[in-house]
Each structure stands twice: as C-alpha cells, then as structure tokens.
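A short worksheet on the structure shown next.
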There are 4 protein chains.
Amino acid sequence: MARALPRPNEASKPAGRANGARAVRAAARRQAILDAALDEFAAQGFAATRLDDVAKRAGVAKGTIYLHFRDKETLFQEIIRSVLSPVVTTVESAMQVDIPIRVIAGQLVEVFVREIYGTRRKDVIRLIISEGARFPSIAEFYYREVLSRVFAALRALLARAAARGEIKGDALIRFPQLMGAPVILAVVWNGLFDRFEPLDVRAFLNAHLDVLFGPGRAA
Amino acid sequence: MARALPRPNEASKPAGRANGARAVRAAARRQAILDAALDEFAAQGFAATRLDDVAKRAGVAKGTIYLHFRDKETLFQEIIRSVLSPVVTTVESAMQVDIPIRVIAGQLVEVFVREIYGTRRKDVIRLIISEGARFPSIAEFYYREVLSRVFAALRALLARAAARGEIKGDALIRFPQLMGAPVILAVVWNGLFDRFEPLDVRAFLNAHLDVLFGPGRAA
Amino acid sequence: MARALPRPNEASKPAGRANGARAVRAAARRQAILDAALDEFAAQGFAATRLDDVAKRAGVAKGTIYLHFRDKETLFQEIIRSVLSPVVTTVESAMQVDIPIRVIAGQLVEVFVREIYGTRRKDVIRLIISEGARFPSIAEFYYREVLSRVFAALRALLARAAARGEIKGDALIRFPQLMGAPVILAVVWNGLFDRFEPLDVRAFLNAHLDVLFGPGRAA
Amino acid sequence: MARALPRPNEASKPAGRANGARAVRAAARRQAILDAALDEFAAQGFAATRLDDVAKRAGVAKGTIYLHFRDKETLFQEIIRSVLSPVVTTVESAMQVDIPIRVIAGQLVEVFVREIYGTRRKDVIRLIISEGARFPSIAEFYYREVLSRVFAALRALLARAAARGEIKGDALIRFPQLMGAPVILAVVWNGLFDRFEPLDVRAFLNAHLDVLFGPGRAA
DNA sequence: GATGAATGAGGGTTCATTCAT
DNA sequence: TATGAATGAACCCTCATTCAT
C-alpha cells in the first residue's frame, strides 16, 4: 500500500511552543489512522470495513480512533474531504495560464498521473464513485469543493481556446465533462480490469488529447 | 424504481411437463427476488443491504431467498451476471453491420440510452463499478463475458472504419476504451451529481461522437 | 428467585385458531424473557444488567430478545408497566366497599402481603424507586396509572371514613401518603436490611393500622 | 445543585507541618471530587455515572481521581460513608434529652428538613436506597453506623415515653421503624413524583407526628 | 503531584443463515 | 415448498483504568 502522499500544505496543528512533542505525536497518530482507514476503506468499502482492522493497521488500540474521530462515518468523510482538496488549487492554477489548451491539457495529464493516479488519491476518487451515493453530503461536498471549481476554470479555459480557434465544434463547450471522462474510466479500469488488461494511463490520456485537439508530439 | 426489464431470452428453468404451474410460480418468485435485490443493492450497496429488506420488497419470507440462492453473495453475483449479458449480443450485432462507424456509433448511443440508461441495467453497471473490486469473480466474469466480447467487436469495427478512412489518428485504435469513457462518466454522474447538475445523456454521448468523428446531423 | 406471578388477567395474545402452537410458544418465550429480565434488573439495576445474562437466564439467544423488545430500555419499561397494573383494580375495588376503613385497611394489608410483597411485584416497586428518577416516563406512567388512581380511591375512602367519625384529625385527609409510607419502608427495608434484622411485614403494617385507627383484633 | 454541606467535623488530613499548603490543596481537590461525584451519582446512579463527567465537574483530570480513590466503587462508598455519619450524633443527642417525645420528634423533623432534606444528604439516602442492594458493604455500613445507632437511641426514647404514658399502644415499641417510614417516603417521593404533585415535607412529617402522638400546636 | 492520551475488555445491537413447522 | 422465529457471531462504540510525560 502506498504510504505517503505528497502533501504541499503541511503545517496542520499549531503545536504551540510548550508540549509540541505531544501535539506532534497526536498529529502523527491521527495521520496514521487516516492512512490506515483509507487503505481499509479502499479495499473493503465503507460498510465492510472494520474499525478493528483500521486500528490494527494503524498500530493503535480501537478506542484511540475515537479520540480523533467521532465515529466511523466521520472518519470516512474526513478522509474524503481532506485528501482531494489540495490538488484542486494546482489544477485551477494550471488552467489559468494563457497558453494553448493543448499544452495545458498535457500538463493536466501529468498532474493527474503524478498527483492522483500515482498516489492514494486515486483510491479516494474510487471511494467517492463507490460510496458517494450513500453519503449525500460527500457527493455534495465533492461537487461544491472540487467539481464546480474545476469546471469553472475549465469553462474559462475552453472559452479562451475557442476564441483562439483551438477547438473545432461546440461539443466540448457544451459538455466539458468530455474532457474528464477518460480520467474516470482510468480510475475505474484500474480498480477492476488492470489485472486482465493493464492500461497505460498516461498514454491513454494523451491519446484522448490527440482525439480532442489533434495529435501532439510527445506521448 | 423501474420494475421491468426487456428480457429477450426468457426461458430459464425448463418447467418440466407436469406441474408447470409450480415451476412458473417458482420462476416468478425467483425473479421477484432478483428484482427486489437489485433495487436494494443499487440503493445501499452490497454490504449494507439487508436480506430482510430484499425479502420484504419481493413479498416473500426471508427463508425463501435461500431456496433460490445459496447466500447473499450468490444472489448478488446472479444479478450482476444475468442482467447485462442480454445486451451484449445486441451490441455485437450492431457493430458487425457494414456501414459507416459514425452511423453505428449513433445506433449504439440509442441502444445504450434505451436498453441500459433507461433501465435498471444502469444500476448494475454502477454496482460493478462500486463493488467489482471486492468481488474478483464478478470483475472477471464481466471482463470475460461483456468487455472482451464488446472490445473484440469494437476492434473489428474500428479496423474497418480505419480502412475506410473514417478515423484520423491511431488513438482510437490503440485505446478503444476512449469510445466508452463517456458512458462510464454518464453512469457515475447520474448516481452522484444529477441532482446538482443534470446531464442530458443522449446529447452528451452524441457530442462525444461529434468529437470523435466530426459533427453528425442529429443531436 | 420467585418464578411465577399470580396473573389474574390471562389471555394475552389472541392466538387465533390455526398456528396457536406457535403463538403460544412465542408468548411463553416472551414471558420467559420478561421473567429473566426482572430477575436481573432487580438484582443488578438497569445499567448494570447485561442482556447476555438475561438471555442466558431465559434460555434463549441474545438476538431473540430483540424479536420481542425493541431495546433494553423498552424491555425494562415493559416490565415496569405490565407487572403492577393488574393489582391496581384489586386495590381500587377493595377501597370502594362501604365498610369501616379499619377493615378495608386490614384487607389491603393482606392484598399487599399476598399480591406484592410475596411476589416479584415487590422487585418492581423497588425498581421504580431505584431507577424511576432516570426514566421520567416510568415515573410518569406509574404516577398516572397507579398512584393517582389509588390516591383517588383512597381519598374517597378517607372522606367516607371521616364522615363516619372513624378518623380523628385531618392529618390523613391532608396527607393520604401517610397510609402508604410503611409500605415503601417495608420494600426498602426488605431489599437492604432484612439480612441484619428481618421485618415481619404483615405485623408491621398492622401495627401501623393500630396507630392510625386504634388497635384492631388481629395481628 | 446544592454545593455546600454544613460540615462540622472539618480537619480531615493532618496536613503535617511543612508544606501544609500542598496538603490543603490536596484536601480541597479531594473534596471537589467527592462533591462532583455525589452530584453525578445522584443524577445517574452508580453504573451510569462516568468518571469523565465527575472529573470535568470537579475541574480535575480523570487520572487525578485515582490519586485520591482506588477506583470508582471506592469513591462511591467513600461518599456514602462520609456524608451521613455527621448527622447521626446530632440525632442521637436530640433523642437523649429528657423532654416529651412529641417535642423531640418535632425537633427531629426540623433537623431532617434542615440537615438532610435541604442538603445533598437527601441524595445520599436516595443512593443508599437505590444502590444499597448492589453494595452489601454499604448496606451493612449504613445499618451498623447509622440505623442501629439511631434505633438504639430511638428505642430508649420510646421506652421513656411509654413509661411517661405518652404513647398509647405498643405498636411503636414493637416497630420503631414506623417513626421513620414517612421520611423514606418523603425522600422517594421527592425523587419521583414532586414534579407531578409536590409534597410539603415539613407539614407532611408534622402531620405524621399528629397521628402518632395527637395534634401538636404549630407546624 | 497532575495530566489526559491510550488502552482494550465489554455490552448493546444487527443480520446472515438455519431449521422446525 | 414456504415461512419466520431463533440463533450467535460480529461490530460499533463506551468507559474504567493505566502510565508516560
């Protein structure tokens, strides 16, 4: 199991001056629980995950989980909410640069491959897809904090590109989701069918860009 | 909940000669259980579904379920396996006709909208996406019985289209998944975000075809 | 532990014609659970009672309890509510007869000794005293269904007695509770101090009547 | 919650010579814990009381409780034992004065109302009634240290009164408990039914004395 | 001494599965 | 065949108690 996540926005708990040690340990434990829980939730789904296993994997006692999270559902939501948000800003920024959409799209592929597909954030996306329907607040949070922000930036980007004549029809303008569809497929495929037929995600997404914007150079 | 599914290949249990009535009743019960179970599994997921609720919804006693299915998991797999297979042949057939790929693709959109998105088969796809990782045999079955067959036909279709010059680059040839990506997105979107931002699936998929093959007439 | 309760108002569940056997068994099981639970609640108090023990004592599985009672608290309240009500009518009736209060009081002592102190109803009173403060609905139910009815009848009885000159001052009229005080003491004493200094309850209560109404014959 | 108790016998821990300040602080903490614990035990009962709440209410950390008391049960018993004993001497003294029993009884009513019913000692009595059965050592302690001493003095008092002809029959002689019965009822009533029907305890107890000894003047 | 984070046994409740009717 | 009462393993969560700081 991938253990670490590139976490740009460190800092977390203030830790004051005095017993910083204790605060640090607490934060570490909390993170260990989050990590372990993500592993378990990703592997078993929400309902089938036992907090006993989470505790064991995190190396803490069962009761310790409850020192950091109110209950199983809160723990779950905490993971979903905390893991993806950091990338949103990165993606937004990349979209706002005033260069050809084909270039930006290529950068986004790299960001996705590196920051999401190559990390456990991929599992979080899978969890949202799998469990989102049962946790309306999660779907809502994800739509509000992630999707709508990304889509806003994407629409602006597409408008600029259209103005520059980089896009042919109006399909992408009307359905920006088309740009993200292969990303979803990649995550789903990875979870279900990679062992039967592996998918080279980077190549796959770049091929998609070729379809959208005409062939680029690199793959 | 959509109650009925167009089921071309009825038949199931032979029903012998004599007490055909009994066999018919048994088959009806079995189907009622399958229907009810699909509703519940789709709404709650596998682990959170209670057989009690399935029984109640099917109008049978809890024990009756065990007369037809070995256990909860078998019931689940039975649903997954039985519901999608029928469409495969339809899709294969459509792909084998020797007409422009753009036309066939348009027909496939209609098949999808009518036979899957407009029925509970959509729920089954969602279940495969959500639970497939926990049920390797399901992923495997689905890959073998559905995906690989559809992909085989699709590859042949794409080859013919390429030969005819209907396709520009080699992206689609190398990654036929690109054709299906928006279908996955549509199913996922429907489950999670339709209440925030509804998606006109037919228009969406046709827009995708416009991107792939250049604009068609219809929308 | 006293196992049976004189239950004047048999009947309970209708039991129909057909599967009366099943209904009878169900009722028996339900009663076994109530009996066992009363034993445990009386011995340990509400919070310290484990349903595991109740089940064991009742000879059923733990889950069976939940077929008959929603949860531990409901089971508890059910006991409290079902056990005492039957005696209320008896007591009311006794009080309504138009004979000297001294005689009626003597009869009430007998009723108490026989129907309450000699049965597990005594435990129920103790439970009300012990746990009532934590279960407002129980105190309220008991006040409404038992106390207020008994007090109403008692006030009428006292009024008649006063009119007949059987009572000296107005103390009893103003505080009918004085008649019941030794009953409470008896129940409490029985639970706490009988092993140090047994209390002959019948004699005790009759002595109380001597104090209230002057000496009678019997003891 | 009544905070203070008239505590005639202060002193507790000797406090050595040197760091008396520390000892005083320790004693204060200990008392704060006892006070908080009584509040909680009275409100929730022994089993349902959480030491967490006690600590919070006492303004100390949970671990601190264990510096002063071996465990939850010890803390409980400590309260029971420490709170009531002080009044015993007062009651004994009042009973030993050589004046009419009616007068002494009137004084006892005042003592009860002031020292017990008006303080948290009332709660302790309630706790003994509620939990005594589960803590044999408490019932035993209470019987030995309180009841038997009070009853001894009471029997002497009654003997003197009988010799003086202040008592009619032998009921009180045989069952001195009759004198205390309304006290028990008052405490129980206060906990359960006061909100439905308040009881004027002083008037109630004096009415009882009217019954026992004939009407007095004041109330 | 004082703290409060950490522990882990324990208990209420659920639910897949069985089986007597 | 169909039922649904009964079972009991499993799981979430609580809380008395401990102990490193």
Side-chain angles (χ1 to χ4, degrees), chain A residues 18-19 21-23 25-26 29-30 47-56 59-75, chain B residues 19 22-23 25-26 29 47-56 59-75, chain C residues 18-19 21-23 25-26 29-30 33 47-56 58-75, chain D residues 19 22-23 25-26 29 47-56 59-75:
Chain A
N19 50 5
R22 184 171 291 194
R25 278 254 314 277
R29 263 189 140 83
R30 188 190 149 89
T49 288
R50 288 171 300 163
L51 291 191
D52 240 342
D53 291 343
V54 172
K56 214 163 289 167
V60 302
K62 214 181 348 169
T64 305
I65 295 176
Y66 290 86
L67 296 177
H68 295 275
F69 306 93
R70 184 145 42 85
D71 55 16
K72 190 185 180 185
E73 185 169 336
T74 304
L75 170 58
Chain B
N19 46 10
R22 179 172 298 195
R25 279 249 306 281
R29 266 191 140 82
T49 288
R50 284 170 302 161
L51 290 190
D52 237 341
D53 291 343
V54 172
K56 211 165 291 164
V60 302
K62 216 179 348 167
T64 306
I65 295 177
Y66 287 84
L67 297 176
H68 293 275
F69 306 92
R70 183 147 44 85
D71 57 15
K72 190 184 180 186
E73 186 168 335
T74 305
L75 168 60
Chain C
N19 50 5
R22 184 170 292 195
R25 278 254 314 276
R29 263 191 140 82
R30 188 190 147 90
I33 294 171
T49 288
R50 286 172 301 164
L51 291 190
D52 240 340
D53 291 343
V54 172
K56 214 163 290 165
V60 303
K62 206 165 19 151
T64 304
I65 295 176
Y66 289 85
L67 296 177
H68 295 275
F69 306 92
R70 183 144 44 84
D71 56 15
K72 190 186 180 186
E73 186 168 337
T74 304
L75 169 59
Chain D
N19 46 11
R22 180 173 296 194
R25 279 248 307 281
R29 266 191 140 82
T49 287
R50 286 170 300 162
L51 290 190
D52 238 341
D53 291 342
V54 172
K56 211 165 292 166
V60 303
K62 215 179 348 170
T64 306
I65 295 177
Y66 287 85
L67 298 176
H68 294 275
F69 306 92
R70 183 146 45 84
D71 55 16
K72 192 185 180 186
E73 186 169 335
T74 305
L75 169 59

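So that the names make sense, note that chain A is the first sequence line, chain B the second, and so on, each numbered from 1. Below, all heavy atoms of this structure are taken into account, side chains as well, without hydrogens, waters or symmetry copies.
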Just the rounded figure in Å: distance from [atom2] of [N] to [atom1] of [X].
X: Ile65(A); N: dC11(F); atom1: CD1; atom2: P; answer: 13 Å
X: Lys56(D); N: dC15(F); atom1: NZ; atom2: C1'; answer: 12 Å
X: Leu75(A); N: dC11(F); atom1: CG; atom2: C1'; answer: 15 Å
X: Lys72(B); N: dC15(E); atom1: NZ; atom2: P; answer: 9 Å
X: Arg70(C); N: dG12(E); atom1: CZ; atom2: P; answer: 16 Å
X: Asp52(C); N: dA10(F); atom1: CG; atom2: P; answer: 15 Å
X: Arg25(C); N: dA20(E); atom1: CZ; atom2: P; answer: 11 Å
X: Tyr66(C); N: dG11(E); atom1: OH; atom2: C1'; answer: 9 Å

Leu67(C) and Val60(C): side-chain contact (heavy atoms from CB on, under 4.5 Å), yes or no, with the steps?
CA-CA 11 Å; Leu67(C) 296 177; Val60(C) 303; over 6 Å; no
Checklist entry - How would you label the contact of Leu67(D) with the nucleic acid (heavy atoms, under 4.0 Å): base, sugar-phosphate, or nothing? => result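 Base: the residue Leu67(D), judged by heavy atoms under 4.0 Å, touches a nucleobase.
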| query | Can you find a donor-acceptor N/O pair under 3.5 angstrom joining the side chain of Lys62(B) to the base of dT3(F)? | reply | no
Reading DNA chain E from 5' onward, which residue's closest nucleotide shows up sooner: Gly59(A) or Arg50(B)?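 This one resolves to Gly59(A).
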With both pairing distances under 3.5 angstrom for Watson-Crick or G-U wobble, and | for a partner in another strand, the correct string for DNA chain F is .||||||||||||||||||||
Between Gly63(B) and Thr49(A), who's closer to the 5' end of DNA chain F by nearest nucleotide?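 Nearest nucleotide further toward 5': that of Gly63(B).
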>> Pick the closest DNA chain F nucleotide for Val60(C) and for Ala47(A) by heavy atoms, then say which residue is nearer the 5' end.
In response: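 Closest to the 5' end, via its nearest nucleotide, is Val60(C).
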Contacts of Asp71(D) meeting salt bridge (charged side-chain N to carboxylate O under 4.0 Å, His left out) (sequence neighbours excluded), chain-then-number -> none
Could you please name the option among [options] that lies closest to any side-chain atom of [X]?
X: Arg22(C); options: dA16(F), dA5(F), dT7(F); value: dA5(F)
X: His68(C); options: dA6(F), dT7(E), dA16(F); value: dA6(F)
X: Arg29(B); options: dC13(F), dA2(F), dA16(F); value: dA2(F)
X: Ala61(A); options: dA10(F), dG4(E), dG8(E); value: dG8(E)

Looking at [atom1] of [X] and [atom2] of [Y], how far apart are the two atoms once the value is rounded to the nearest 0.5 Å?
X: Arg30(A); Y: Thr64(A); atom1: CZ; atom2: OG1; value: 14.0 Å
X: Thr74(D); Y: Ile65(D); atom1: OG1; atom2: CD1; value: 12.0 Å
X: Lys62(C); Y: Leu51(C); atom1: NZ; atom2: CG; value: 8.0 Å

Identify the two heavy atoms, one from Ala47(A) and one from Ala47(B), that lie closest to each other, and give their separation to 0.1 Å.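 Ala47(A) and Ala47(B) have their closest heavy atoms at CB-CB, 3.6 Å.
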Shortest non-hydrogen pair, Ala58(C) vs Ile33(C), comes out as CB-CA, 3.9 Å
